[in-house]
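One structure is given here, and the rest of the page talks about it.
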2 protein chains.
Amino acid sequence: MLGLLSFPGERTGYELKKWADSSLRFFYWSPALSQIYAELRRLETLGYVTSTRSGPEEPRTKRCYAITGAGRRALTAWADGEEDAGPPVLKHPLVLRVWLGHLADPVRLAERVAAHVVRTQAALDDVRQALERAQGVTDWAHPQVALRWAERQHLAELELAHAMLADLDRLPPPEAESQLPYGAPTDG
Amino acid sequence: MLGLLSFPGERTGYELKKWADSSLRFFYWSPALSQIYAELRRLETLGYVTSTRSGPEEPRTKRCYAITGAGRRALTAWADGEEDAGPPVLKHPLVLRVWLGHLADPVRLAERVAAHVVRTQAALDDVRQALERAQGVTDWAHPQVALRWAERQHLAELELAHAMLADLDRLPPPEAESQLPYGAPTDG
DNA sequence: TTCGTCATGTAAGAAGTTACATGATTAA
DNA sequence: TTAATCATGTAACTTCTTACATGACGAA
C-alpha cells in the first residue's frame, strides 16, 4: 500500500485495488479490498498515511489517501535497507497437478497444461496493456522495468508449459492396471 | 500432505518436511513443521490417513503415516477433478524492490539483483540434486517432469534477472536532487 | 560432552480470504 | 429501469508462521 502511494497523487482504497489488480499482481500480489481498507486505517494510526474525506464538491463520498514523510521513510527503509527481502515464493497449482500425474488421466492432464497456456497468454496481454499505460507516464521508469520483467516472465512461462507438454508426451503409456479409473484404491 | 503420502511408503511428519523442503518447494511451497503435524492429525480425523506408532523394535518413538483409500480418492478428486486449480501465484520481493527503485540507490539495487542471481544459482543446484535423487526411483515419472520444469524455471529466472539488470543499466541517471539520500521526505 | 539430527508437539498471533451489507452514480 | 461501476466497510473464518518446549540418539 505504501509503495502504491509512493507515486505522485492521492488515491482511494478502491483505486488502489484496481491498480494492484492491473499491475502489482504480475510480480507480487493483489490484496482483497477488505484488507486494503483495513491496512489503510492501520497505516493512518501509524502516521504513515493521511486521509482526506472528499467535500461536497465531489460527486461521491470517498476517502483519499496520501503518504506522509514518515511513511516514505518507513517504505524507503524497506526498499533501500540492508535487510534481505527473501527469495521469490511460487505456488503453481498446475505443476503440483503434474507432480501428481500418477493419479490423473494423461489426456486430461495434457489438456490442463494447454489451458494453462491459454490463461498465460491472456495474462501476457494484460501485462502488455499495463506496460502501455505505464509508458505514457513520466517518472515511471522503475515500474516499467518491473513490468518488462513480468512480460518476459510470462513469455518464459509459455515456453516452460510447452516443454512440459513435450515431456509428458514422451512418458511411456501407463500400465494396464492403471488404465482402470485413475486412483482406484488398493488399501484402506 | 496427501500428495506426498500418495507415493509408496509410510513417512513421519519430520520426513514429510524434509521431502517438501527438497522437492515440493521448488514449484509449490513447504509448510512449517508445526503445520504438518497439525494437518496430519486433521487428515486422520477425516479418515484420509492412518498412523502407526512405532513399536519397541524402533530406536525412536515416532508416528508413521500412510494414506487410506478414502484419502487417495479425495486426493484424486482434486488432482484429476473438473475444478480449476487457479493460476500460479508469484510473490517476488526483488521485483517489488525494483518497482520501488525510485526510492533506492541505483548501485545498491543492481547489487541486489546480482545477489538474486547467486541465490537462484544455488537453488538451481538444489533442484538438480532433487532431480538426481528422483531419477533413481521407479514410478517417479511425474515428479521428474515437475522437477525438470523447476530446473528450466530457475534457468529462466537467471535470464530474467540478467535482462532486468541490463534494463536498469540503460536507465538515465537520476536528477541532481535525487542524488541526495534517497527518499528524502518532501512532505509530512 | 557437546553438537547436529531426529522427532513431536503447543500457543499466540499475523496475514489474508470470503461472505455479507450498504448505497450512490453512471451509462445503456 | 436496469446493470455496471464506484465506494466503504464488518464479521467470521482459514491458513500459516514464529516462538517456545521437550527429549532421545549418534557422532566427533
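Labels below follow one simple rule: chain letters A, B, ... track the order of the sequence lines, proteins then strands, and each chain is numbered from 1.
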Exercise for the section: Using the six-membered ring wherever Trp is involved, compare the ring planes of Trp99(A) and Phe27(B) and label them parallel, tilted or perpendicular (cut-offs 30° and 60°). Expected result: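 Tilted: the ring planes of Trp99(A) and Phe27(B) meet at 30° to 60°.
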In whole angstrom, what separates [X]'s [atom1] from [N]'s [atom2]?
| X | N | atom1 | atom2 | value |
| --- | --- | --- | --- | --- |
| Arg25(B) | dT17(D) | CZ | P | 14 Å |
| Arg42(B) | dT10(C) | CZ | P | 16 Å |
| Arg63(B) | dA7(C) | CZ | P | 14 Å |
| Tyr14(B) | dT22(D) | OH | C1' | 15 Å |
| Leu33(B) | dG23(D) | CG | C1' | 15 Å |
| Gln35(A) | dT15(D) | CD | C1' | 13 Å |
| Leu40(B) | dT10(C) | CG | C1' | 16 Å |
| Leu24(B) | dC16(D) | CG | P | 13 Å |

From the set [options], return the single nucleotide nearest to any side-chain atom of [X].
| X | options | value |
| --- | --- | --- |
| Lys91(A) | dT5(C), dC16(D), dG9(D) | dC16(D) |
| Lys62(A) | dA11(D), dA7(C), dT8(D) | dT8(D) |
| Tyr37(A) | dT8(D), dT17(C), dT8(C) | dT8(D) |
| Trp29(A) | dG16(C), dA7(C), dT8(D) | dG16(C) |

Practice task
Answer yes or no: does a side-chain N or O of Arg41(B) lie under 4.0 Å from OP1 or OP2 of dT10(C)?
Solution key: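 Yes, Arg41(B) has a side-chain N/O under 4.0 Å of OP1/OP2 on dT10(C).
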Exercise for the section: Name the nucleic acid region contacted by Lys18(A), choosing base, sugar-phosphate or nothing; use a 4.0 angstrom heavy-atom cut-off, strictly under. Expected result: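 Sugar-phosphate contact only - Lys18(A) comes under 4.0 Å of backbone atoms but never of a base.
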Problem - Option from Phe26(B), Tyr14(B), Phe7(B) for which ring pair (Phe, Tyr, Trp, His ring centres under 6.0 Å) with Trp19(B) holds - result: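 That would be Phe7(B).
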Exercise for the section: Look only at the side chain of Thr120(A) and the backbone of His154(A), and say whether a donor-acceptor pair between them is shorter than 3.5 Å. Expected result: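 A pair under 3.5 Å: no.
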Problem - Between CZ on residue Arg41(A) and CD on residue Glu39(A), distance to nearest 0.5 Å - result: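 If I round to the nearest 0.5 Å, the distance is 10.5 Å.
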Practice task
Please round to the nearest 0.5 Å and tell me the distance separating atom CG of Leu4(B) and atom CG of Leu24(B).
Solution key: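 Spacing of CG (Leu4(B)) from CG (Leu24(B)) equals 5.0 Å.
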Exercise for the section: On DNA chain C, check which nucleotide each of Ser34(B) and Glu15(B) is closest to and give me the residue with the more 5' one. Expected result: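 Whichever sits nearer the 5' end wins; that is Glu15(B).
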